[in-house]
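Okay, so here's the structure we're looking at.
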Amino acid sequence: MGGRFALLIATYTYEDAGLRQLTAPGNDAEALAEVLGDPAVAGFEVTTLVNEPHHRVGAAVGDFLRARAYDDLTLLYFTGHGLKDDDGRLHLATVNTRLANRMFTSVPAEQIDQAMSACMSRQQVLILDCCYSGAFPAGRLAKGDPDVHTLERFQGHGRTVLTASDAAQAAFEEDRLHGNASRSVFTKHLVQGLRDGSADLNGDGDITLDELYTYVHDKVVAEMPKQRPKKQENIEGRTVIAQNANWTLPAQLRNALRSPLATERLGGVEQLARLYRIGNARVRAQAAEQLRLLTDDDSRAVSAAAAAVGEAAGQPPTAAPRPADIQNLIDQATEERDAGARERAEERYWSALDLAIQHHARRQEGWAWDGLGACRWRAGDFEMALKFFTRADRIADETGDALLKAWSLYNFGMDRREHRDFPAAKDFFKRSLAVADVHRCHTAAGWTHHQMAELAHEEGNARQKREHYEAAVQNGLAGHNHSLTGWSLFHVAICAEQAGDLAQASEHYGRTLEIGSRSHQKWMVQEAEKALTRITDAADHATDHGTAGS
């Protein structure tokens, strides 16, 4: 199970006279830090920055997100001024922000979005309680519409974004600079809903992000009708942000259980059964205790109903998935990926990874990371792909999975080749071949020979290029991999054709056509047929030319 980490950033004093001083943010951050850090409520490890310059804030955000692991819950909170520039870009103001030079003295939203995209955590929460009233210097009009379009700037998988407001308007209670420190209406209700558990809308003992947003939205709108909080999410399942530390049996249920009427107590059993079904550990424990007491109820109907619920609750859980089941999920994802359904494959890989982590199936976890890396690579997200490949490589070393190790080294070589670092790429490919050859990982060896052939082509070494393709053919045959064998033969044929040996080229193209037909691979058949037609036409042209010459 991952950790829970929060970084809270608050700015309420500004060196630039054009930015209105605020009274709320410091108190907001302090109150939110207290409730998030409470082990009985949210149990976050909280770091707070108050009135820091932009370079310290930026560095702290980068370090915070970079240190997170896949299964961590990550919460990033900003409160203070948000600035929209003439080109519509959003910046978060810090103590040293200057309106005349906000690009280099504030924290651009674009950089935060990029850092969140690079973060390994798949449960990211971003909360922006910003006042946009200071977005434009006095005397200047906002370019475009007055909305900040905050949500559009922070989109990403595994991410939830909550905003206090999205318009160039004050988001803070009582626009004043004197008297007692006020608090943002948004953060006030955020803290209150967590602290007293009132955001636990369905009474299951957990406070999810959906519940928290709904609670805060309704409270804010009721208090300040012109302010409209907003939410955006791209996650699977629910994110539990806190527990209801003050959860008790609902008053209506307590009254039903104490009623002298058996029919009302029977209704209470139904409510307890629901709580046991949906509740967290604390709720389930209290519901189970009440059901146990009701098994001694004077009413046979009540006691029988309570006993039946208890027996149902005591049934053993369904069996956990076996490593083979998780591997089947990974295999399905791989088939979908290779068929071009990358997004669907990626979701399946994530599901396999969740199960593998949950059930400590380390080998399958490594292969899920490898598959996710391949999906990110095909999407052109090379930086994230490398992160995933690195995780797969570590697990390969830990588990001694030679095949995964061979593919990891291959992937590192591909990354170096993408960056035009050919010596490093060749070194990784050689290391991959060494592992693959020793452990008879024929498919990995074959495709690695393909990459070595491409590097030989870059170096202008036609002999080595052909030798690598021929080695790929042998690995394809040994591994009974029709795609690898056919594609490699096709390249050997191209090498022969380029060398002027049309007879051998024709033979290899013919074998490629045969393999493609037998394995029902249309692309292989089409390419081989085109090549054979090209060679036949060239031979006919040469014959005609020779006849004409005589």
Side-chain angles (χ1 to χ4, degrees), residues 1-5 43 68-74 117 119-125 156-160 204 206 208-210 233-241 243 277-281 284 313 315-379 381 384-408 411:
M1 184 176 179
R4 299 165 69 85
F5 302 90
R68 301 286 70 83
Y70 160 78
D71 51 352
D72 288 341
L73 174 56
T74 303
S117 296
C119 178
M120 293 297 296
S121 168
R122 286 198 71 230
Q123 292 188 93
Q124 300 178 24
V125 182
H157 189 74
R159 189 183 304 178
T160 302
D204 67 350
D206 288 332
T208 67
L209 276 176
D210 283 341
E233 62 183 359
N234 184 3
I235 59 173
E236 292 183 9
R238 64 178 198 157
T239 299
V240 177
I241 198 73
Q243 295 184 7
R277 186 175 64 254
I278 70 168
N280 63 11
R284 287 165 66 90
Q315 290 180 353
T318 56
R322 301 167 298 165
D325 298 327
I326 302 173
Q327 188 61 52
N328 287 336
L329 192 60
I330 292 172
D331 292 341
Q332 292 175 21
T334 303
E335 290 178 5
E336 291 172 342
R337 181 197 69 197
D338 293 342
R342 180 186 57 78
E343 293 184 359
R344 188 162 65 247
E346 201 162 359
E347 290 302 321
R348 206 180 294 275
Y349 278 128
W350 281 120
S351 298
L353 181 63
D354 288 336
L355 288 173
I357 291 175
Q358 181 180 352
H359 299 285
H360 308 290
R362 290 292 281 167
R363 284 179 181 267
Q364 282 68 38
E365 181 184 343
W367 282 106
W369 283 121
D370 179 80
L372 286 167
C375 288
R376 286 293 85 210
W377 184 273
R378 295 186 183 203
D381 187 357
M384 186 59 71
L386 182 59
K387 289 178 180 289
F388 292 159
F389 289 146
T390 300
R391 291 207 162 213
D393 181 61
R394 291 173 183 168
I395 294 175
D397 289 336
E398 175 192 323
T399 60
D401 191 327
L403 181 57
L404 181 59
K405 183 66 178 180
W407 279 118
S408 296
N411 291 329

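Only a predicted model underlies this, so the values are computations on that prediction, with no experimental measurement involved. Along the sequence shown, residues carry numbers from 1.
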Can you tell me how far the CG atom of Leu353 sits from the CD1 atom of Ile357, to the nearest 0.5 Å? 4.0 Å
Determine, step by step, whether Ile330 and Gln364 satisfy the side-chain contact (heavy atoms from CB on, under 4.5 Å) criterion, reporting the C-alpha distance in whole Å, the side-chain angles of both residues, the deciding distance to 0.1 Å, and the verdict. CA-CA 8 Å; Ile330 292 172; Gln364 282 68 38; 4.0 Å; yes
Pairwise distance CD(Glu346) to SG(Cys375) - rounded to 0.5 angstrom: 5.0 Å
Flag, side chain of Thr74 to backbone of Gln124, donor-acceptor distance under 3.5 Å: no
In this structure, CD1 of Ile326 is separated from CG of Asp331 (nearest 0.5 Å) by 12.0 Å
By side chain to side chain donor-acceptor pair (under 3.5 Å), Asp206 pairs with (sequence neighbours left out) Arg238, Asn280
Identify the heavy atoms of Gly366 and Ala392 that sit nearest to each other, and give their distance. O-CB, 3.5 Å
Pairing residues for Glu398 by the side chain to side chain donor-acceptor pair (under 3.5 Å) criterion, not counting sequence neighbours: Arg362
Kindly indicate whether a cation-pi arrangement holds for Arg391 with Tyr70, taking the cut-offs as under 6.0 Å to the six-membered ring centre and within 45° of the axis. no
Strictly by ring-ring contact (aromatic ring centres under 6.0 Å, His included), give each pair with a member in residues 330-349 just once, sequence neighbours left out. none
Heavy-atom closest pair, residues Ile278 and Asp204: O-CB, 3.5 Å
Using the test side chain to side chain donor-acceptor pair (under 3.5 Å), find all partners of Trp407 that sit at least two apart in sequence or belong to another chain. none
Can we say Lys405 and Asp397 salt-bridge, meaning some charged N sits less than 4.0 Å from an Asp/Glu carboxylate O? yes
So how far is it from Met384 CE to Arg376 CZ, rounded to the nearest 0.5 Å? 8.0 Å
Kindly indicate, with the supporting measurements, whether the criterion side-chain contact (heavy atoms from CB on, under 4.5 Å) is fulfilled by Arg337 and Leu372. CA-CA 10 Å; Arg337 181 197 69 197; Leu372 286 167; over 6 Å; no
Contacts of Asn328 that satisfy side chain to side chain donor-acceptor pair (under 3.5 Å) - sequence neighbours left out: none
Are the side chain of Arg4 and the backbone of Ile241 linked by a donor-acceptor contact shorter than 3.5 Å? yes
Looking only at heavy atoms, the pair that brings Arg284 and Gly279 closest together is CD-O, 3.2 Å
Test Asp370 against Phe389 for side-chain contact (heavy atoms from CB on, under 4.5 Å), laying out the working first. CA-CA 5 Å; Asp370 179 80; Phe389 289 146; 4.1 Å; yes
Would you tell me whether Ser408 and Arg394 have side-chain atoms, one donor and one acceptor, within less than 3.5 Å of each other? no
Between CG of Asp325 and CG of Leu355, what distance do you get to the nearest 0.5 Å? 9.0 Å
Across all chains, not counting sequence neighbours, the salt bridge (Lys or Arg N to Asp or Glu O under 4.0 Å) partners of Arg344 are Glu336
What are the two closest non-hydrogen atoms of Ala345 and Ala333, and how far apart are they? CB-O, 3.2 Å
After noting the C-alpha distance and the side-chain angles of Trp367 and Asp401, does the key distance pass the side-chain hydrogen bond (donor to acceptor under 3.5 Å, both in side chains) rule? CA-CA 10 Å; Trp367 282 106; Asp401 191 327; 3.0 Å; yes
Could you label the plane-to-plane angle of the Trp369 and Phe388 rings as parallel, tilted or perpendicular, counting under 30° as parallel and over 60° as perpendicular? tilted
